[in-house]
Amino acid sequence: MQHGPAVRRRKLGAELRALRTGAGLTSGEAARLVGWHQSKVSRIETGASGVKPADVRLLLDAYGIADSQLRELLLVLAGSDVGAGRHHWWHAYRGVLPPTYRDFISLESQASAMSTLETSVVPGLLQTPEYARAVTRAAVGGLDETDERLDALVEVRLARQDVLRGEPPLELSAVLDEAVLRRRIGGPGVMARQLWRLVEAGRLPQVRLQVLPFTAGAHVGITGPFVIFSFSRTSDLDVVVLDHLTSSLYLERKEDLQAYTEAFATLQFHALSPEESLDYIAGIADGA
């Protein structure tokens, strides 16, 4: 397990090594093309040292990589804050966002698919503004309704939802423990509107929403929520994120990815179907 920046550095290095090999170059030849020592290329590829976005551009040019989406993804992994559209909006909130949250948003903005198990709250990408405000205020101690930081954090949570409206949109698969639907966050009115928002979102073609009812009993996800980010351009960048109170941990080993991918498939199997889930949520909303 690693923290976000270390994982991104290693994944970026592995991808650059694969691209160099695909271009038919040795590390020494690549170094000569960009005017470096061979050791610098080796350190970047092993993740032993960080790499500036400008250096990544040099390597991609040397390897003849013209794919704009792949280039931008790798530049984001290198920490670039220069890009088009939605990919870098969160940098305006640097003063209120901890580094781990910025890392999470950067991965979310570049991923092609996201699979998530939620056991306590509605996924951030599907929250209503008033529900998001209630969750944020509870999660971050010491904030009152007039606190500007609370406003900024809610703005960030809502801005993240643009990934579901992008071209192409993020494909979201979510399994919600029934506790998510029963916990009255923000009061009955707020919760009822949030449940109807889930029903609406669950009808979107890019969203697959399933409920794991209490009757399912103990399940493989009972130890806690998790997120799996997948990248269509290269599966080597796929990562599992485990969120904790003060930090996030990232799992990148193939064994870990396989274990969590299989666990998520098991949860989907035992959960209600998407159609049954939306009816189930609507039933709870009617009684909220």
Side-chain angles (χ1 to χ4, degrees), residues 4 76 81 83-176 180-181 183-209 225-229 241 243-245 248 278 281 285 288:
V76 167
D81 59 0
R86 60 184 171 85
H87 289 157
H88 307 281
W89 58 266
W90 60 90
H91 288 281
Y93 295 90
R94 278 184 177 272
V96 297
L97 298 181
T100 53
Y101 195 12
R102 296 201 301 269
D103 288 330
F104 184 90
I105 295 173
S106 70
L107 290 172
E108 183 179 73
S109 72
Q110 293 290 340
S112 58
M114 174 180 173
S115 302
T116 180
L117 166 69
E118 290 290 350
T119 58
S120 298
V121 298
V122 170
L125 296 182
L126 303 178
Q127 293 178 5
T128 65
E130 53 189 353
Y131 182 97
R133 193 171 190 84
V135 168
T136 303
R137 188 179 179 193
V140 183
L143 296 182
D144 58 40
E145 284 295 337
T146 62
D147 198 309
E148 291 183 358
R149 185 167 177 241
L150 175 60
D151 293 337
L153 290 171
V154 173
E155 286 177 13
V156 168
R157 186 162 297 218
L158 298 178
R160 285 172 47 205
Q161 298 177 3
D162 283 347
V163 296
L164 295 176
R165 297 182 285 269
E167 288 295 337
L170 176 75
E171 295 181 6
L172 174 64
S173 296
V175 173
L176 308 183
V180 172
L181 311 177
R183 181 171 287 105
R184 287 193 172 184
I185 291 176
V190 170
M191 197 63 212
R193 288 185 287 274
Q194 175 61 74
L195 293 175
W196 285 118
R197 166 61 181 145
L198 284 177
V199 173
E200 176 187 339
R203 296 192 179 112
L204 296 172
Q206 67 270 34
V207 176
R208 180 184 176 89
L209 198 59
F226 60 85
V227 173
I228 305 171
F229 285 121
V241 183
D243 205 19
H244 297 276
L245 182 62
S248 296
L278 296 187
I281 295 170

| Say you draw a straight line from OH of Tyr101 to OG of Ser106; how long is it, rounded to the nearest 0.5 Å? | 12.0 Å
| query | Which pair of heavy atoms, one from Ser109 and one from Val163, lies closest together, and at what distance? | reply | CA-CG1, 4.0 Å
| request: Compare every heavy atom of Ala132 with every heavy atom of Leu158, then report the nearest pair and how far apart it is. | output: CD2-CB, 4.3 Å
| Is the shortest heavy-atom distance from the side chain of Leu153 to the side chain of Arg133 under 4.5 Å? | no
| query | Can you check whether Val140 reaches Leu150 side chain to side chain, under 4.5 Å on heavy atoms? | reply | no
| Do you know which two heavy atoms are closest between Leu170 and Ala113, and how far apart they sit? | CD1-N, 3.6 Å
| query | Quick one: are Ile185 and Val190 in side-chain contact, heavy atoms under 4.5 Å? | reply | no
| Euclidean distance, Arg137 CZ relative to Arg149 CZ, rounded to 0.5 Å | 14.0 Å
| Under the side chain to side chain donor-acceptor pair (under 3.5 Å) rule, what pairs show up with a residue in residues 195-206, not counting sequence neighbours? | none
| note | What one should report as the nearest heavy-atom pair of Leu181 and Ile281 is CD1-CG1, 3.8 Å
| remark: When every non-hydrogen atom of Phe229 is compared with those of Glu108, the smallest separation belongs to CE2-CA, 3.6 Å
| remark: So CG of Leu278 and CG of Leu209: to nearest 0.5 Å the spacing works out to 6.0 Å
Let me have the donor-acceptor pairs involving side chains of residues 120-129, under 3.5 Å, with sequence neighbours excluded, atom names and distances please.
{"unit_1": "Gln127", "atom_1": "OE1", "unit_2": "Arg157", "atom_2": "NH1", "d": "3.3"}
{"unit_1": "Gln127", "atom_1": "NE2", "unit_2": "Val122", "atom_2": "O", "d": "2.8"}
{"unit_1": "Thr128", "atom_1": "OG1", "unit_2": "Tyr131", "atom_2": "N", "d": "3.2"}

